[in-house]
Amino acid sequence: MGYGRAPHILIVGGGYVGMYTALRLARRLRKDEATITVVEPNSYMTYQPFLPEAAAGNLEPRHVVVPLRKVLKGCRIVSGSVLSVSHARRTAVVQPQLGDSFDLAYDILVMCPGSIARTLPIPGLAEQGIGFKSAAEAIYLRNQVISRLDAAASAVDPAVRRRALTFLFIGGGYAGIEALAELEDMARDACSFYPDLNPAEMSWVLVEATGRILPEVSPAMGLYTVKQLEHRGIAVKLNTRVESLVDGRVVLDNGERFDAGTVVWTAGVKPNPVLTRTDLPLDDHGRLRATAFLQVDGVADAWTAGDCAAVPDLTKGEGATTGPSAQHAVRQAGRLAENILAELRQQPIRPYEHSYAGSVASLGLHKGVAEIYGIRLRGWPAWLMHRTYHLSRVPTLNRKARVVADWTLALFFRREIVSLGSFADPRAEFRRAANGSPAAVAPATEAAGVASADSEAAAHRS
Ligand SMILES: Cc1cc2nc3c(=O)[nH]c(=O)nc-3n(C[C@H](O)[C@H](O)[C@H](O)COP(=O)(O)OP(=O)(O)OC[C@H]3O[C@@H](n4cnc5c(N)ncnc54)[C@H](O)[C@@H]3O)c2cc1C
C-alpha cells in the first residue's frame, strides 16, 4: 500500500507454500502490480508425500519434484538461502549458491522456509542417522537398503550380515511409517533376487516414544497399522526411546541392545531456525506468530503460512493452530496469495479456514490406510485412495503424466533393484588413473554404502 511503484514481493522458500503462493500471484497479478522473487536453495519444489514411493522405486525421484524455473514464469528465482531478515529495514540477507552474500530489498515479505527434523541429543544420532524430508534422502535410502542387501548377501560373518540387514526407524508419524513400510516392501520384493538371503534374516524395527503411531488418524486405525506392520514381521516398539546409537550400536531404554546398519530419524519436525534470525514475532514453539489472515501478527507487509507458522485453526477451539501438513500448506498458500492481491487492490482480506480432512498413507504396493472425513479405508482401497488423492494434488499436468507413466510401467515390470552406489565418487576411477594408483575394489563396508548413496543423491541433485 502506497509503495510509490510496483512493490517487490519476496518469498522465502520455494516449497509447498512458497511455490503455490508464487504460482497463484504470478497468474493473477498484472505486470505493473508487483514483481516476485523466490529465494530457495533447491531449484525445485519437493512433493514430499511422494518421497516414500520414490524411495521404494515406484516413482522416479525426478518426477516427485517440480522445477521452479519451469513453473514460475514471470518470477525471479534466486538459488540460495536467506540467512536473516530485517523487516524493519525491509531487507533480507541472501547467501547465493556461489559467491558472497548480498542484501535483497523488498516491500512485501512471504516467510515460508518450512521445518527441519526435530532431533534429540542422543549420542551417535548425528553420525548414524538420516532424516526423511528431501528427494536426496529418499534416493540415499533406496541405495542404502539395496546396497545393504548386496553387502549382506556376500558377507560370511553372521554378525556383519545381521547388522547390515537391521533397519531402524525412529518416529511413528506418517512420514516415518510410510518410509518404513515402503522400503520394507521393496526390500522383501528384492530378496527374491538374492538366493543367498532369506527375507527372515532382515530386521525392520520401528521405535516410537509414545503409545501409538500415526497420530493423524484415529487410534483404531493406528492400531490397525501396528498390526499390519507386525504381521509383516516388522517389530513395533511403542513407549520406547532410543538412548544411544554410538557406532550403530542401538541402546533402547527398555534395555534392549542391537546393531543397526541403517538408522532413519522421522521423529517430528521443528520450525526452520532461520526464523530466529529475523525481527518477526515467534511463539513458544519457535513458529512465526500468525493471524488467521496469514499475516505475521502485528507486522505490516509480512505474511506467513505452512510448517513454520502458528496459524489459528478457526475450526477448533481458542488457541488451536493448524498442524504441519501439506493439506494446510497448499490451501494456506492459495488464501495467502489472494489476500496479498486483495491488499494491493485495496479490497478486504479473508481468514483461512479449513477443516482437516484426514490422512492417507501408503504402506507399500497395494497396502495402505486412510481416514478421510471420518471414512476409514484399509488395504487396497486405502492405497488406491492414496494414489488418487496425491495424483490430483501433485502440481502441473506434466508431473501428473510422469507419475501415471511410472505407475503404469510398474504394473507390467518389477521395480529395479540396482543400487547405483558405484556413482559414489564418479571421478574416483579417473583420479586413480590420472595418479597411476592401482584400481580400487569397492569395499563392502557400511561406509561404502553410505558414501555410494550420498553421491548418487548428489548426482540426482545436479
Ligand atoms: C516424507 C513426508 C511425507 C509427507 N506426507 C504428507 C502427506 O501425505 N500429507 C500431508 O498433508 N503432509 C505430508 N507431509 C508434510 C508436508 O509435506 C509439509 O507439511 C509441507 O511440505 C509444508 O510446506 P511448507 O511450504 O511449509 O514447507 P516445505 O514444503 O518444506 O518448504 C520449505 C522450503 O523452504 C526452503 N528453505 C529452507 N530454509 C530456507 C532459507 N533459509 N532460505 C530460503 N529457503 C529456505 C526449503 O528448501 C523448502 O523448499 C509429508 C512430509 C514428509 C517429509
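Residue numbers start at 1 and run along the sequence shown. Both ligands and their constituent atoms are indexed starting at 1 by order of listing. Nothing here was measured: the structure is a model prediction, and the numbers come from that model.
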Look at atom 10 (C) of ligand 1 and find which of A326, A138, S359, P113 reaches it with the closest heavy atom. A326
Top protein contact for [atom], by heavy-atom distance:
atom: atom 26 (O) of ligand 1; value: D307 N, 2.9 Å
atom: atom 20 (C) of ligand 1; value: Y16 CD1, 3.7 Å
atom: atom 45 (C) of ligand 1; value: P41 CD, 3.6 Å
atom: atom 5 (N) of ligand 1; value: P49 CA, 3.5 Å
atom: atom 50 (C) of ligand 1; value: Y174 CE1, 3.7 Å
atom: atom 35 (C) of ligand 1; value: E40 OE1, 3.1 Å
atom: atom 53 (C) of ligand 1; value: F132 O, 3.3 Å
atom: atom 43 (C) of ligand 1; value: V39 O, 3.4 Å

CA sep, side-chain torsions, deciding dist, call: T46, Q48, side-chain hydrogen bond (donor to acceptor under 3.5 Å, both in side chains): CA-CA 5 Å; T46 305; Q48 290 173 342; 5.8 Å; no
The test is side-chain hydrogen bond (donor to acceptor under 3.5 Å, both in side chains); show your working for T321 and R287 and say whether it passes. CA-CA 11 Å; T321 52; R287 296 175 299 179; 3.1 Å; yes
Identified side-chain hydrogen bond (donor to acceptor under 3.5 Å, both in side chains) counterpart of S362 within the set E178, E53, E182: E182
Between the side chain of T278 and the main-chain N/O of L275, is any donor-acceptor distance below 3.5 Å? yes
Polar proximity ligand 1 side, [X] side, N/O cut 3.5 Å exclusive:
X: E178; answer: no
X: V82; answer: yes
X: V17; answer: yes
X: Q48; answer: yes

Out of all atoms in ligand 1, which are within 4.0 Å of some heavy atom of [X]? Include the element for each.
X: G13; result: 34 (O), 35 (C), 43 (C), 44 (N)
X: C112; result: 32 (C), 34 (O)
X: G114; result: 26 (O), 27 (O), 32 (C)
X: N42; result: 47 (O)
X: S325; result: 11 (O), 12 (N), 19 (O)
X: P324; result: 19 (O)
X: A329; result: 22 (C), 23 (O)
X: Q327; result: 11 (O)

Nearest 0.5 Å, what's the CG-CD distance between L206 and E230? 10.0 Å
Check if M45 has a non-hydrogen atom at a distance under 4.0 Å from any atom of ligand 1. no
Give a yes or no on this: more than 12 heavy atoms of other residues, nucleotides or ligands lie within 6.0 Å of atom CG of D284. no
R27 atom CZ, neighbour heavy-atom count above 12 within 6.0 Å: no
Does R393 count as lying over the ring of Y47, i.e. NZ or CZ under 6.0 Å from the six-ring centre, within 45 degrees of the axis? no
Presence of salt bridge, R345 and E33, under 4.0 angstrom: yes
Note, Q95 side chain near F102 side chain (heavy atom, < 4.5 Å): no
Compare all side-chain heavy atoms of H8 with those of Y106 and state whether any distance is below 4.5 angstrom. yes
Aromatic contact between F132 and F169, with the criterion being ring centroids under 6.0 Å apart: yes or no? no
Aromatic contact between F50 and H63, with the criterion being ring centroids under 6.0 Å apart: yes or no? no
Ligand 1-proximal atoms of N272, by part, heavy-atom distance under 4.0 Å: side chain
Relative to each other, are the rings of W204 and F167 parallel, tilted or perpendicular (30° and 60° limits)? parallel
